[in-house]
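Structure first, commentary second.
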Protein chains: 2
Amino acid sequence: MARHDKSATPLGFAAHDHTACQSRALATADQLCAARRVQFTPVRRRVLEILLESHEALGAYDVLARLNAEGLGSKPPVAYRALAFLVDQGFVHRIERLNAFIACADPSHDHSPAFMICRACGTVAEAHAQMPLGDSAARSGFQIEQTVIEAEGLCPDCQEVRTP
Amino acid sequence: MARHDKSATPLGFAAHDHTACQSRALATADQLCAARRVQFTPVRRRVLEILLESHEALGAYDVLARLNAEGLGSKPPVAYRALAFLVDQGFVHRIERLNAFIACADPSHDHSPAFMICRACGTVAEAHAQMPLGDSAARSGFQIEQTVIEAEGLCPDCQEVRTP
DNA sequence: ATTGATATGTTATAACATAACAACCCTATG
DNA sequence: CATAGGGTTGTTATGTTATAACATATCAAT
C-alpha cells in the first residue's frame, strides 16, 4: 500500500497539472463508455480513480485494499474484474514486469504502449515506441498481434542520487 | 569466432539440428562458467538441460517437477535459485509475459534479447531488436538499463492452420 | 579442525490470479 | 405485473508464482 500524494510525479517524468490529468482521463473514460454502451459502474470508476492518483503502478491487491477500505469490495475477483474491464477498454495498462497496473496516459486513441519504469521511485511513464521486431517478424513470417515494451532504469530525478 | 551459420529465420520457428543446438549451448555454458570461476553444479546444469529440450518457455514449477522426478530437489527455492543463477550468467532468459523461462539462443554474447511468442504453440523465438525507446528516453532524460521486448502472435506454422 | 565461502535443503508464507457459483439489478417483453 | 435474460457484483475456494528465513552440507584454505 503506497500513499503517495506528490504532484512532483511526472507524466513523461515532467511536472504537470495532475488534477487536470486525472479529470481529463476520467472524462474520456465516461465518454468512451457511453459511446461503447458499456457500464462505467462505481467499482470500475473508483478503480480508475485510484490508479489515476499517481503515476506509479499498483498491484491488484493494492487496489483491492483501497476498495475494501471504502466498502466497495473485499475479494480478489472484484479488483481483477474491474481491472480487466479497464484494460479491455484501454483505460488502464498492465505492466508485465511488475505484475501491476497503471492508468493510461491517453485513453482516447487506441495505441500499443511502451513504458519506462524507474526502479528507484517506481514511477512509470508511458511512451511511444517503434515496432522493434518488425524486421525479425517479417523475415521469419511471425505475425505480431501485440508487443510488450518495458524499459527499466532511472528517471531523471533518481539519477541525481547514488543508487547502487 | 562468430560461427554464425544463421539463416534469416530465428531459431525456434525453423527446423534445425536441435541436438547440436543443445550441446552447443551446454558447451558454451561450461566454458563460460569455467572462465568466470562459478560453479556449474548438477542442479544448475540439469535445469539448463531441461530448458534446452525445447524452444518453449517453462514455468519454475514445471522445472521443479522435473527436478523432483529425478531426485534433484523438490522445493521451490531449489528451482528458483538455479534459474536465477542461469539468468545471471545469461544462459537463460525470463519471459515476463509468461512468467516462465527459456534457454538463451546464444549465450556467448552479452545481449539484450527480444522475443516472439506464439500464442498457439507456445514456441518462443529469440530475436534482435532495436532499442525501441531510445528517443523517448533521450528526450525525457530516462536512463535505460534494461528493456523487455516481447511480441505475441502467431508463428508461421500456426498461421497456416487458419482456414476462414 | 576451524573458518569462511558457496551451494543446497526445508519450512513457511507472501504475492498474484482465477474457477465456479450465488445473488442482485436492471430493462425488455408477454 | 411478472418474469426471463443479460450484465455486474459478492463469495468461497483454490490454483499459481515467488521469496524470506533458517538449517545443513561441501570444500578449500588457513
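Labels below follow one simple rule: chain letters A, B, ... track the order of the sequence lines, proteins then strands, and each chain is numbered from 1.
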> Roughly how many Å is it from CG in A:Asp88 to P in D:dG7, rounded to a whole number?
Replying inline: 14 Å

> Quick one: B:Leu98 CG to D:dA18 C1', roughly how many Å, whole number?
Replying inline: 16 Å

> Counting only N and O atoms by type, is there a donor-acceptor contact under 3.5 Å from the side chain of A:Glu152 to the main-chain atoms of A:Met116?
Replying inline: no

>> Between C1' on D:dG15 and CG on B:Asp62, what's the gap in Å once rounded to a whole number?
In response: 14 Å

> Any side-chain N or O of B:Arg94 under 4.0 Å from OP1/OP2 of D:dA18?
Replying inline: yes

> Any idea which of C:dA17, C:dT6, C:dG9 is nearest the B:Val78 side chain?
Replying inline: C:dG9

> If each of A:Pro77 and B:Pro42 is mapped to the nucleotide of DNA chain C with the nearest heavy atom, which maps nearer the 5' terminus, i.e. the 5' end?
Replying inline: B:Pro42

> Within the structure shown, what part of the strands sits under 4.0 Å from B:Arg44 by heavy-atom distance: base, sugar-phosphate, or nothing?
Replying inline: sugar-phosphate

> Would you call the rings of B:Phe142 and A:Phe13 parallel, tilted or perpendicular, where under 30° means parallel and over 60° means perpendicular?
Replying inline: parallel

> To the nearest Å, how far apart are A:Tyr80 OH and D:dT17 P?
Replying inline: 13 Å

>> Without decimals, in angstroms, what is the distance between B:Glu70 CD and C:dG9 P?
In response: 13 Å

>> At less than 3.5 Å, do the side-chain atoms of A:Arg37 and the base atoms of D:dG7 form a donor-acceptor pair?
In response: no

> Roughly how many Å is it from CG in A:Asn68 to C1' in D:dG10, rounded to a whole number?
Replying inline: 12 Å

> Under a 4.0 Å N-O cut-off, is there an ion pair linking B:Glu150 with B:Arg94?
Replying inline: no

>> For D:dA18, does the base pair up with any side-chain atom of B:Tyr61 as donor and acceptor (N or O, under 3.5 Å, distance only)?
In response: yes

> Between B:Ser23 and B:Ala20, is there a donor-acceptor pair closer than 3.5 Å when you use the side chain of the first and the backbone of the second?
Replying inline: yes

>> OP1 or OP2 of D:dT9 versus the side-chain N and O atoms of A:Thr41: is any pair under 4.0 Å?
In response: yes

> At under 4.0 Å between heavy atoms, what does B:Leu83 touch on the DNA or RNA strands: base, sugar-phosphate, or nothing?
Replying inline: nothing

>> Taking any heavy-atom pair under 4.0 Å as a contact, classify A:Leu67: base, sugar-phosphate, or nothing.
In response: nothing

> Can you check whether A:Ser108's main-chain N or O pairs, donor with acceptor, with A:Thr28's side chain at less than 3.5 Å?
Replying inline: no

>> Any N or O donor-acceptor pair under 3.5 Å from the base of C:dG9 to the side chain of B:Arg81?
In response: yes

> Taking CZ from B:Phe101 and C1' from D:dT16, how many angstroms apart are they, rounded to a whole number?
Replying inline: 13 Å

> For C:dT11, does OP1 or OP2 lie under 4.0 Å from any side-chain N or O of B:Lys75?
Replying inline: yes

> Quick one: B:Glu96 CD to D:dT17 P, roughly how many Å, whole number?
Replying inline: 14 Å

>> Quick check on DNA chain D: between A:Gly71 and B:Gly59, whose nearest nucleotide comes earlier from the 5' end?
In response: A:Gly71

